[in-house]
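It should be emphasised that the depicted structure is a prediction, and the values quoted were computed from it without experimental measurement.
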Amino acid sequence: MMGNNLPPANEVINLYKSNNIQRMRLYDPNQAALEALRNSGIELILGIPNSDLQSLATNADNARQWVQRNVLNFWPSVKIKYIAVGNEVSPVNGATSWMAQYVLPAVQNIYQAIRAQNLHDQIKVSTSIDMTLIGNSYPPSQGSFRADVRSYLDPIIGYLLYASAPLLVNVYPYFSYSGNPRDISLPYALFTSPNVVVRDGQYQYQNLFDAMLDSVHAAIDNTGIGYVEVVVSESGWPSDGGAATSYDNARIYLDNLIRHVKGGTPRRPWKATETYLFAMFDENQKSPELEKHFGLFSANKQKKYPFGFGGERINEVVAASDFNATNPLKSDI
């Protein structure tokens, strides 16, 4: 929503419906957007901004009031599927490190407020992380979280296991590739490699997205805490503004991703990969320049790319966020 030329919420909802986009991510409980979502049938990841974490963590009444104002006032006419408590908070990222202590208590307070309404089986409470929390990602089966984030992340994973909620993860092959083009080939990042690129025991990888996602699956498994699902809460490719950005690269990546996630990854072949595309619109008020160009639609509501979204409830498009470079994942090309 970081643009001064974007259409009003009701027009955005109509644009979703006319393009058969059946899920949405909002990064904060924008009231106009929530009103416009009523009776739309669109399922929602509802975000809690990082700036609210401290007040929700330290005061359970604040969490109850937040749930009343932003969930109960709209439920069930707005189909809230997940609540994302914070986005890309990291104990080792200077900009968000002070917030890390508040993520789990805020998650727990929001969960208890949801549970008190007996909605905890319908609305799952989680948080969204980025790939910088992965310490080792190559080969994917050796995926592990950074040693200096385990004391932060392990209790969150334990809570997710208890609450039967997924971990939300922002996965960007673009940033891995642009940060390490020497070791990662562009076809591997764009799903266009004709052959297997990484052989990892019984698992074979022909694209970077699967390798990154499976490194997260392995990192969770390698904690020994238990099996937790992963939802890809952001992925995208910018069409301008930086290295390897072009209309064609963005079109190829997004089109291939939409088709690819109908199936699973080598480590999770039995299930589709629930994936949210970043972002609905180009946002002219973001910086640096790169971040203005992630949209699937222009501000005038015209599609930037020719592909569409089929009848399956698998393909989603979302709103606006901040990005962090991801750790490079080496390939053998």
Taking Met212's backbone N and O only, do any of them form a donor-acceptor pair with Ser215's side chain (distance below 3.5 Å, no angle check)? yes
If the condition is side chain to side chain donor-acceptor pair (under 3.5 Å), which residues does Asn222 pass it with, not counting sequence neighbours? none
Answer yes or no: is there a side-chain heavy-atom contact under 4.5 Å between Leu133 and Tyr152? yes
Using only atom types and a distance under 3.5 Å, with no angle test, would you say the side chain of Asp240 pairs donor to acceptor with the backbone of His293? no
Keeping to residues at least two apart or across chains, list the ring pair (Phe, Tyr, Trp, His ring centres under 6.0 Å) pairs with something in residues 93-117. Tyr111-Tyr159, Tyr111-Tyr162
With the side chain counted from C-beta on, respond yes when Val149 and Thr132 share a heavy-atom pair under 4.5 Å apart, and no when they do not. no
Identify whether the distance between the nearest side-chain nitrogen and carboxylate oxygen of Arg150 and Asp154 falls below 4.0 Å. yes
Where at least one partner belongs to residues 41-65, residue pairs that pass ring pair (Phe, Tyr, Trp, His ring centres under 6.0 Å), sequence neighbours excluded: none
Verify side chain to side chain contact (heavy atoms under 4.5 Å, CB included) between Met131 and Val169, making sure each step is shown before the conclusion. CA-CA 7 Å; Met131 292 291 293; Val169 184; 4.1 Å; yes
Pick out which of Asn50, Asn170, Thr127 makes a side-chain hydrogen bond (donor to acceptor under 3.5 Å, both in side chains) with Asn87. Asn170
Which value, rounded to the nearest 0.5 Å, describes the distance between Asp121 atom CG and Arg115 atom CZ? 8.5 Å
Evaluate Asn73 against Gln68 for side chain to side chain contact (heavy atoms under 4.5 Å, CB included), listing each step before the verdict. CA-CA 6 Å; Asn73 285 0; Gln68 179 63 55; 2.9 Å; yes
Are any non-hydrogen side-chain atoms of Tyr203 and Pro140 less than 4.5 angstrom apart? no
Distance-minimising heavy-atom pair for Met24 and Tyr276: O-CE2, 4.1 Å
Return yes if some donor-acceptor pair links the side-chain N/O of Glu43 with the main-chain N/O of Gln22 below 3.5 Å, else return no. no
Between Pro306 and Arg251, which heavy-atom pair has the shortest distance, and what is it? CD-CD, 3.8 Å
Is there side-chain contact between Ile83 and Val71, with heavy atoms separated by less than 4.5 Å? yes
Minimum heavy-atom distance Gly226-Ile220, with the two atoms named: O-CG2, 3.7 Å
Do Met1 and Phe281 come within less than 4.5 Å of each other through their side chains, counting heavy atoms only? no
Would you compute the distance between atom OG of Ser193 and atom CG of Leu208 and round it to the nearest 0.5 angstrom? 11.0 Å
Between Pro29 and Leu46, is there a side-chain heavy-atom distance shorter than 4.5 Å? yes
NZ of Lys301 to CE of Met280, rounded to nearest 0.5 Å, is 10.0 Å
Salt bridge (Lys or Arg N to Asp or Glu O under 4.0 Å) contacts in which one or both residues fall within residues 208-221, not counting sequence neighbours: Asp221-Arg267, Asp221-Arg268
Mind listing the closest non-hydrogen atom pair of Ile80 and Trp75 along with its distance? O-CZ3, 3.4 Å
Report yes or no: does Gln202 contribute a side-chain atom to a donor-acceptor pair with the main-chain N or O of Asp200 at less than 3.5 Å? no
Taking the side chain from Asp282 and the backbone from Ala299, do they hold a donor-acceptor pair closer than 3.5 Å? no
Go through it in stages, so that I can follow the logic: the residues are Thr245 and Phe294, the test is side chain to side chain contact (heavy atoms under 4.5 Å, CB included), and I'd like the CA-CA distance, side-chain angles, deciding distance and then a yes or no. CA-CA 10 Å; Thr245 62; Phe294 275 87; over 6 Å; no
Work out which heavy atom in Pro91 is nearest to a heavy atom in Ser97; give both atom names and the distance. O-CB, 3.3 Å
How many angstroms lie between NE2 in His120 and CD in Gln122, if you round to the nearest 0.5 Å? 9.0 Å
Could you check whether any side-chain N or O of Asn19 sits under 3.5 Å from a backbone N or O of Ile21, counting only pairs where one atom can act as donor and the other as acceptor? no
How many angstroms lie between atom CD of Gln65 and atom CG of Leu72, to the nearest 0.5 angstrom? 12.0 Å
Enumerate the ring pair (Phe, Tyr, Trp, His ring centres under 6.0 Å) contacts for residues 52-72, please, sequence neighbours excluded, ordered by first and then second residue. none
Ser233 backbone acceptor or donor facing Arg25 side chain under 3.5 Å: yes
Pairing of Lys124 and Glu229 as salt bridge, 4.0 angstrom limit: no
Taking side chain as C-beta onward, heavy atoms only, is Leu290 less than 4.5 Å from Phe175? yes
For the backbone of Pro166 and the side chain of Ser126, can you confirm whether one donor and one acceptor N or O come within less than 3.5 Å of each other? yes
Sequence-distant partners of Leu161, side-chain contact (heavy atoms from CB on, under 4.5 Å), two or more places apart: Ile225, Val228
With Tyr305 as partner, the option from Trp237, Tyr253, Tyr247 fulfilling ring pair (Phe, Tyr, Trp, His ring centres under 6.0 Å) is Tyr247
For the OH atom of Tyr16 and the OG atom of Ser40, what is their distance to the nearest 0.5 Å? 10.5 Å
So do Leu34 and Leu26 actually touch side chain to side chain, heavy atoms under 4.5 Å? yes
Determine whether Lys292 and Glu283 satisfy the following criterion, side chain to side chain contact (heavy atoms under 4.5 Å, CB included), listing intermediate values before the conclusion. CA-CA 5 Å; Lys292 293 180 169 71; Glu283 298 171 277; 5.9 Å; no
Show the nearest heavy-atom pair for residues Gly86 and Leu53, with the distance to one decimal. N-CD2, 3.9 Å
Donor-acceptor contact below 3.5 Å, side chain Thr96 vs main chain Ser90: yes
Between Thr275 and Thr273, is there a donor-acceptor pair closer than 3.5 Å when you use the side chain of the first and the backbone of the second? yes
